[in-house]
Amino acid sequence: MATTGLGFISRTTLIITVLLTLDGCATLRQFGPSVQVASVTPGQYIALKRGDILTTGKLSSATMETLRVAGLDEGVCAKPGLPCIEAMEASILVREEDKRSSLAELWLQYAMTLPAPKREYSASGRAKTAITELDADFQPRLDAWMQVARQAYAYLFFTERTANQRGFEDRQTQVRDYYNLAVQEASVQLYNAYATGRVRNDASHLTLGRWTFVLAPPTDASPLDTRTPSELVPAASLSFTGTLRSVHRRDGFGAELVAVMDDPATASATSPPAAQASASATQSWSEMPSPSMTVLLRFSGKNLWEVLHDDEPELEIHDPYQVTEVTLHGQQVPLAANFTAGYALWLARSNFSHQSLRSLFGGKGGIETPHLYMMQPYDPNRRVLLMIHGLASSPEAWVNVANELMRDDEIRQDFQIWQFYYPTNMPIAMSHDAMRRTLAEVLRHFDPSGKAQASHDMVLVGHSMGGVIARLMISSSGDHLVDTLLATAQMTPAQRELLRTKGAPVLTFLPEPEVSRVVFIATPHRGTDVAGTRLGRWIGRLVRLPLTVLEDVATIANDGQIDRNDGKHGYQMNSIQNLDKDDPFVRAVADLPMSPKVHYHSIIARAKAEGPLEKTDDGLVPYWSSHLPHAASEKVIVSGHSVQEATPAIVELRRILHEDMQEHGRAGK
């Protein structure tokens, strides 16, 4: 038995020795499983596939695999830096597609290690520190970001496969993001250098360090704004809170930026008195003070080598509202866009909420005349969607309405949004007259011949008192308003004389011919009960008209001096008084005939779902006042008076606009 046992041990030892001899790398662990498996969640799997230097702070699995194939994952590439980048560039073991995508990420990793000025913005979106000088270390950062853009561009358009062939690959999305970020950073550095006089400007060439940026000429579809920005803000650096519900973008190619312009009309509220006076003397309209733009860097060359040695890329600036895609090396590429950033930044910096209340009560820093804001540069081929806010309000009332409408591709292609901002302490008739004159001035300025699409088939949207003004825009007055006020309003002799002389032109008008559709939202066509209550009359007495208005139409005392307390003498001529259901003006307006050529719709709010519709109200406006019997449509929504911001109201407004586009044969343009 002992011999047999020794023999078995000897045979076992011999087998192990043979196995070790056959594979010198084998160890006793090979008697267990050489590959082990563990479960991962779907989220972990996606993170492993799509994680990269931007999302996790670590190189992507694709770049790490390329480094391993090239034999660079250890040693020279153990730490990020130029030696690793140079070694990857020199490698002949990887195909160009993998090399360029990896080099784009390696350059990005390196760029992110270089110190850069921190961007900090206040709650209003203003930069906390002004640009005073370009720091001495700008050149390495600019070079690194430009290398990211160039390597990514080479990968996308000059490697073995086309961008369309890689359309569903995560890697292409990653590299596109590297390109967009690099163009963003390079553009901001170029602008900062330009603002501090560090750029050599030769005609359409901007030279900074070793790089020369060739400004691409504007196209008919994408005219360049001639204004000079005071600030260039990356849209990706902004985060919005407050009443704004969502940010709308279009994925694609290019850096999403906001060009902030100096705008006296919005700065006047916080400016010194002299600056406020200057602002009030400016024109009564302006284009968006912070337009969105998308910037591209187009590297030239017929082949990969030429592209990788191009230090003079073409710099293209596009209006994302005008341009949806671009052609790059024979391929149609969607243009990236951010449709919210510029609009929201403008509202955040405007101080409208405080300014509108100061205007209502005649305080310093308010506005005295209406101002028309164009939400994007004027486009002759897009119709106008004109919004008019209500009492004690401002363009902030439309923040979610305008933002949601501009996310709709068809509406965005057919309409450009304009918004009136006006002092809501003014008599309604005077606000209406001033808006008409401003609108005529704008259309005459941009389209003197009146042949552009923008001058025809305009759609008005008015909320509350803005709806009353919109109704006046499409009505015929004849002598009805003047005769009614002279017959029914309690006026002093001086007021009657002013009404006959200066008031008659303001109260005599015809429908605006360019308007073809109106949407009334919570509009008190026949006034409100609230304005005539004790509280309404008390608030009305607090309203103060601008001195310029008092000089024209308000009460003149016996000694010929202006009396600001116009409520004590004769007819109280302000907006709140005009909204009282017993006011002669609003009663007369309700009887004016509207143009038969105009389609009109009603969106009405009721604060409670219970009870007969005819007896409901939205807290301010009763149903009997907002209802129009011959409206093309009427939508009743359970909501308060600010119903224009409610989702059902926005959905209804979108439906009406799509119906309008269908009637004009412009849907899907």
Side-chain angles (χ1 to χ4, degrees), residues 283-285 287 369-375 378-389 411 414-420 422 428-463 465-482 503-521 523 525 588-602 628 630-633 653 656-657 659-667 669:
Q283 63 188 17
S284 57
W285 56 270
E287 295 177 271
T369 57
H371 191 92
L372 179 65
Y373 284 102
M374 305 160 72
M375 297 295 97
Y378 172 80
D379 183 353
N381 300 315
R382 280 178 167 83
R383 295 190 292 152
V384 174
L385 178 60
L386 178 59
M387 299 178 172
I388 308 175
H389 63 75
I411 293 176
D414 196 33
F415 287 100
Q416 53 192 322
I417 293 180
W418 295 1
Q419 295 180 359
F420 262 119
Y422 65 102
I428 291 176
M430 296 194 67
S431 293
H432 163 247
D433 181 66
M435 288 183 194
R436 276 184 180 254
R437 287 186 279 109
T438 297
L439 188 59
E441 177 188 346
V442 172
L443 295 177
R444 188 167 53 247
H445 173 83
F446 286 105
D447 182 28
S449 68
K451 295 180 180 180
Q453 183 62 55
S455 298
H456 300 277
D457 297 319
M458 182 182 300
V459 177
L460 300 187
V461 181
H463 172 247
M465 189 169 74
V468 177
I469 295 173
R471 176 168 182 163
L472 292 173
M473 289 272 196
I474 61 169
S475 299
S476 299
S477 67
D479 297 326
H480 182 67
L481 289 180
V482 175
V506 174
L507 297 174
T508 306
F509 45 81
L510 293 171
E512 285 290 332
E514 63 272 4
V515 178
S516 64
R517 193 176 299 269
V518 179
V519 182
F520 300 111
I521 304 179
T523 298
H525 296 286
V589 169
D591 294 332
L592 294 181
M594 291 184 280
S595 170
K597 297 180 180 179
V598 176
H599 302 278
Y600 54 91
H601 308 256
S602 296
L628 292 174
H630 302 296
S633 67
L653 183 54
I656 293 170
L657 292 176
E659 176 183 303
D660 182 85
M661 289 187 291
Q662 290 287 349
E663 290 186 8
H664 287 88
R666 297 177 64 86
K669 174 173 65 72

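A quick note: this is a predicted structure, and the numbers were derived from the prediction, not measured.
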query = From L385 CG over to Q416 CD, what is the distance, rounded to the nearest 0.5 angstrom?
reply = 10.0 Å
query = Which atom names give the shortest non-hydrogen contact between P370 and T438, and what distance separates them?
reply = O-OG1, 4.5 Å
Heavy-atom check, side chain of E663 versus side chain of H599, under 4.5 Å = yes
task = For side chain to side chain contact (heavy atoms under 4.5 Å, CB included), just list the numbers for V589 and I428, CA-CA rounded to whole Å, side-chain angles, deciding distance to a tenth of an Å, and then say yes or no.
result = CA-CA 10 Å; V589 169; I428 291 176; over 6 Å; no
task = Please confirm whether the backbone N or O of Y378 pairs with a side-chain atom of E287, one donor and one acceptor, at under 3.5 Å?
result = yes
query = Is the side chain of R382 donor-acceptor paired with the backbone N or O of I417 at a distance under 3.5 Å, no angle test?
reply = no
query = V515 versus Y600: any side-chain heavy-atom pair under 4.5 Å?
reply = no
ask   = Can any side-chain N or O of R436 pair as donor or acceptor with the backbone N or O of M473 at less than 3.5 Å?
value = yes
inquiry  = With a 4.5 Å cut-off on side-chain heavy atoms, are I656 and R517 touching?
reply    = yes
task = Can you measure from NE2 (H525) to CZ (F520) and round to the nearest 0.5 angstrom?
result = 5.0 Å
query = Do the side chain of Y422 and the main chain of H389 share a donor and acceptor less than 3.5 angstrom apart?
reply = yes
message = So does K597 get a backbone contact from the side chain of S595, meaning a donor-acceptor N/O pair under 3.5 Å?
response = yes
inquiry  = With a 6.0 Å cut-off (strictly less than), is the heavy-atom count around CG of D591, excluding the residue itself, greater than 12?
reply    = yes
key: Side chain to side chain, I469 and S431, heavy atoms closer than 4.5 Å   = yes
inquiry  = Can you tell me how far apart OG (S477) and CG (L510) are? Round to the nearest 0.5 Å.
reply    = 7.0 Å
task = Check step by step if side chain to side chain contact (heavy atoms under 4.5 Å, CB included) holds for M458 and L439.
result = CA-CA 11 Å; M458 182 182 300; L439 188 59; 4.1 Å; yes
ask   = Measuring from S284:OG to L372:CG, what's the distance to the nearest 0.5 Å?
value = 7.5 Å
inquiry  = What I'd like to find out is whether the side chain of L481 reaches to under 4.5 Å of the side chain of L592, using heavy atoms alone.
reply    = yes
Main-chain N/O of G450 paired with H456 side-chain donor or acceptor, under 3.5 Å = yes
ask   = Is there side-chain contact between M374 and V384, with heavy atoms separated by less than 4.5 Å?
value = no
request  = Measure the spacing between CG of L653 and CD1 of I411 and express it to the nearest 0.5 Å.
outcome  = 7.0 Å
inquiry  = On a heavy-atom basis, which atom in T523 and which in V468 lie closest, and how many Å separate them?
reply    = CG2-N, 3.5 Å
inquiry  = Would the distance check show the side chain of S633 and the main-chain N or O of H601 forming a donor-acceptor pair, the cut-off being under 3.5 Å?
reply    = no
key: CG on L443 to OG on S449, rounded to 0.5 Å   = 11.0 Å
ask   = Should L386 and E514 count as side-chain neighbours, where that means a heavy-atom distance under 4.5 Å?
value = no
message = Any non-hydrogen side-chain atom of V518 less than 4.5 Å from a side-chain atom of R471?
response = no
inquiry  = Looking at S455, is its backbone amide N or carbonyl O close enough to the side chain of D447 to form a donor-acceptor pair, meaning the two atoms are under 3.5 Å apart?
reply    = no
task = Would you confirm whether H664, through its side chain, and D660, through its main-chain N or O, come within 3.5 Å as a donor-acceptor pair?
result = yes
note = Smallest heavy-atom separation, A452 atom then P380 atom, equals CB-O, 3.6 Å
ask   = Going through the checks in order, is the side chain to side chain contact (heavy atoms under 4.5 Å, CB included) test met by M375 and M387?
value = CA-CA 11 Å; M375 297 295 97; M387 299 178 172; over 6 Å; no
